[in-house]
There are 2 protein chains.
Amino acid sequence: MAAPKDPRPCSIADTLAVVGEKYSLLVLREVCLGNGRFDQLARNIGAPRDILATRLRRLVEAGVLTRRAYSEHPQRFDYRPTAAGLELEPVLMALKEWGDHHLRHHTDLPMTMEHSCGHELVPVVTCRACGSPVHHDDLTAHPQTPGWTVKGPVATS
Amino acid sequence: MAAPKDPRPCSIADTLAVVGEKYSLLVLREVCLGNGRFDQLARNIGAPRDILATRLRRLVEAGVLTRRAYSEHPQRFDYRPTAAGLELEPVLMALKEWGDHHLRHHTDLPMTMEHSCGHELVPVVTCRACGSPVHHDDLTAHPQTPGWTVKGPVATS
DNA sequence: GTGGGTGGGTTTGATTTTCCAACTCACGGG
DNA sequence: CCCGTGAGTTGGAAAATCAAACCCACCCAC
């Protein structure tokens, strides 16, 4: 029977268990922008302060952020991304690109990103092996867990 | 005053308002894998059926999924990604890559993706203009909305 | 036709989270 | 002394989630 109610094992789900709660990715956004103090976070994100405190504890515990004192007497802290936290930036870039495109049609963007090459950043996901941009139709999923299958490629329609 | 409690305007937040609720991105995962039926979704995701129904309505309404009958008498439906839905795959790839790396250290992965070039997919975010992989330190944020600033690049630890 | 199974949900009621405002504590400035 | 700021904590009301049960239409086997 293999416990028929367990969901599919999946790194996407596991990652969302870490950063998928409401506000968590917005905390990461602000922290990556350099705004790491509690009041700034509360204002810039629009999150209730108690929830923000809970999220910050979780993200520190998960190794995504670090909390460091920038002043003793009075004790004051700010939050910064760890190396692991910075490696979540692709998630933020992908979310931003989708919103810029589908929600704003690339007009009146509230923020743009400049890449060090001098151009505005348009993030493109490529295959590390061959270097070409990745499209849905070029992918084949290979589940490794017995009992979990996929139906295979899907027409968009 | 400009309403001092409003959060920073941001495409990331706007995108999360569409797909950021619990289970939404897992629905998209399953649908992109070709598992688009209600019972399959409920089983593979592990979501309560009422919440799943709510999420599916939202995602269809937002233009991320379409609902189509694959049988009349009895009426039976399945859900598929729209073009806009497929363009959220970079988000899923980024989440999967982070989980594969930081939660599983690239061992015993529950699923792998094969790219059409024949290699296992390792997604890399690159700059469309110059083609090179994007790193945090290569980015400069330019807020376009008056009153919203950033502190600039951040040291990691 | 009767009984069981499947697919796609909706309903019900208990449990958890979220939300918001107010409160605290420790300073620092005028 | 009084006010403001930073970083939270506390309390109670409102909303979302959860699990299980229910519903309806159909199919199949007996």
Side-chain angles (χ1 to χ4, degrees), chain A residues 1 3-8 13 16-28 30-31 33-62 65-80 149 151, chain B residues 1 3-7 13 16-27 30-31 33-62 65-80 149 151:
Chain A
M1 275 268 183
K5 294 186 64 178
D6 293 350
R8 178 197 294 278
L16 287 172
V18 175
V19 296
E21 290 168 301
K22 199 170 177 184
Y23 304 119
S24 291
L25 285 170
L26 298 181
V27 169
L28 191 68
E30 286 302 316
V31 162
L33 289 173
N35 304 105
R37 301 188 182 181
F38 191 89
D39 270 27
Q40 276 177 328
L41 291 169
R43 267 196 305 280
N44 293 3
I45 294 169
R49 303 168 73 82
D50 55 344
I51 309 255
L52 177 58
T54 304
R55 295 292 180 273
L56 288 170
R57 270 192 297 269
R58 219 173 155 6
L59 291 171
V60 168
E61 168 192 45
L65 303 183
T66 56
R67 178 187 196 247
R68 64 164 48 200
Y70 66 90
S71 136
E72 329 274 332
H73 296 300
Q75 285 219 309
R76 291 293 140 79
F77 305 97
D78 71 349
Y79 296 87
R80 296 155 163 277
T149 59
K151 281 287 161 26
Chain B
M1 274 264 181
K5 294 186 63 177
D6 292 351
L16 286 173
V18 175
V19 295
E21 290 168 303
K22 198 170 177 184
Y23 305 119
S24 291
L25 285 170
L26 298 182
V27 168
E30 287 302 316
V31 162
L33 290 172
N35 304 105
R37 301 189 183 181
F38 191 90
D39 272 26
Q40 275 178 329
L41 291 169
R43 268 195 305 278
N44 293 3
I45 294 169
R49 303 168 72 82
D50 56 343
I51 307 240
L52 178 58
T54 304
R55 294 293 179 272
L56 288 169
R57 271 192 296 267
R58 269 187 114 19
L59 291 171
V60 168
E61 169 191 43
L65 302 182
T66 56
R67 178 189 198 247
R68 63 164 49 199
Y70 65 89
S71 135
E72 327 276 331
H73 297 298
Q75 284 219 310
R76 290 293 140 80
F77 305 96
D78 70 350
Y79 296 87
R80 296 153 162 275
T149 59
K151 280 286 160 24

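Throughout, protein chains are lettered first and strands after them, A, B, ... in sequence-line order, and every chain is numbered starting at 1.
- Rounded to an integer number of Å, the gap from CG of A/D78 to C1' of D/dA7 is 12 Å.
- For B/D78, there are no side-chain hydrogen bond (donor to acceptor under 3.5 Å, both in side chains) partners two or more places apart in sequence or in a different chain.
- The side-chain hydrogen bond (donor to acceptor under 3.5 Å, both in side chains) search around B/Q40 returns none, not counting sequence neighbours.
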What pairs of nitrogen or oxygen atoms, one from the protein and one from nucleotides 11-14 of chain C, lie under 3.5 Å apart?
none

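- In terms of the side-chain contact (heavy atoms from CB on, under 4.5 Å) criterion, residue partners of B/L25 (sequence neighbours excluded) are, by chain and number, A/L16, B/V19, B/L28, B/V91, B/L92, B/L95.
- The B/I51 side chain lies nearest to D/dC18 when the options are D/dG8, D/dC18, C/dG9.
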Could you run down the sub-3.5 Å N/O contacts of the protein with nucleotides 26-28 of chain C?
residue: C/dC27; atom: OP1; partner: A/H73; partner atom: ND1; Å: 3.1

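- By the side-chain contact (heavy atoms from CB on, under 4.5 Å) test, B/F38 pairs with B/R49, B/L52, B/A53, B/L56, sequence neighbours left out.
- The side-chain hydrogen bond (donor to acceptor under 3.5 Å, both in side chains) search around A/R57 returns none, not counting sequence neighbours.
- Using a 4.0 Å cut-off, some side-chain N or O of A/R55 falls inside it from OP1 or OP2 of C/dT18.
- A search for salt bridge (charged side-chain N to carboxylate O under 4.0 Å, His left out) contacts involving B/R55 returns nothing, not counting sequence neighbours.
- In this structure A/E72 satisfies the side-chain contact (heavy atoms from CB on, under 4.5 Å) test together with A/A69, A/Q75, sequence neighbours excluded.
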